[in-house]
Amino acid sequence: MYATQALTQLVPLAADELDKNKVTPGVLGFLVFAALAVGVWFLMKSMNRHMGKVDFEEAPDPAAEPAGTDGKAGTAASGTTKAVSSGQG
């Protein structure tokens, strides 16, 4: 609470010296931006390293029919039947 009161009392003093047409972030703004950029760079580097270690192979779906059977035409027909019947119902 004391810090807030001190800052509000210093604002009128800074207003006399402040040129409203020339307000820049300054060195502190650059340092914060540079620190954020370096942090993001390290995070991306770490993510790429971890993603390189991933060896993902999807398990086959037990409900899926084996490839090479005539199941393709049956699933397409049943899929359109379901769509038509659900649209009317």
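These values consider heavy atoms only, across backbone and side chains, with no hydrogens, waters or symmetry-generated copies. Numbers here simply count residues along the sequence, with the first being 1.
Cluster membership for V40 and M47, using ILVMFWY side-chain heavy atoms within less than 4.5 angstrom, is shared. In this structure, L28 is a member of the same hydrophobic cluster as L36, with clusters built from ILVMFWY side-chain heavy atoms closer than 4.5 Å.
M44 contributes atom CE, which lies 13.0 Å from atom CZ of R49 (distance to the nearest 0.5 angstrom).
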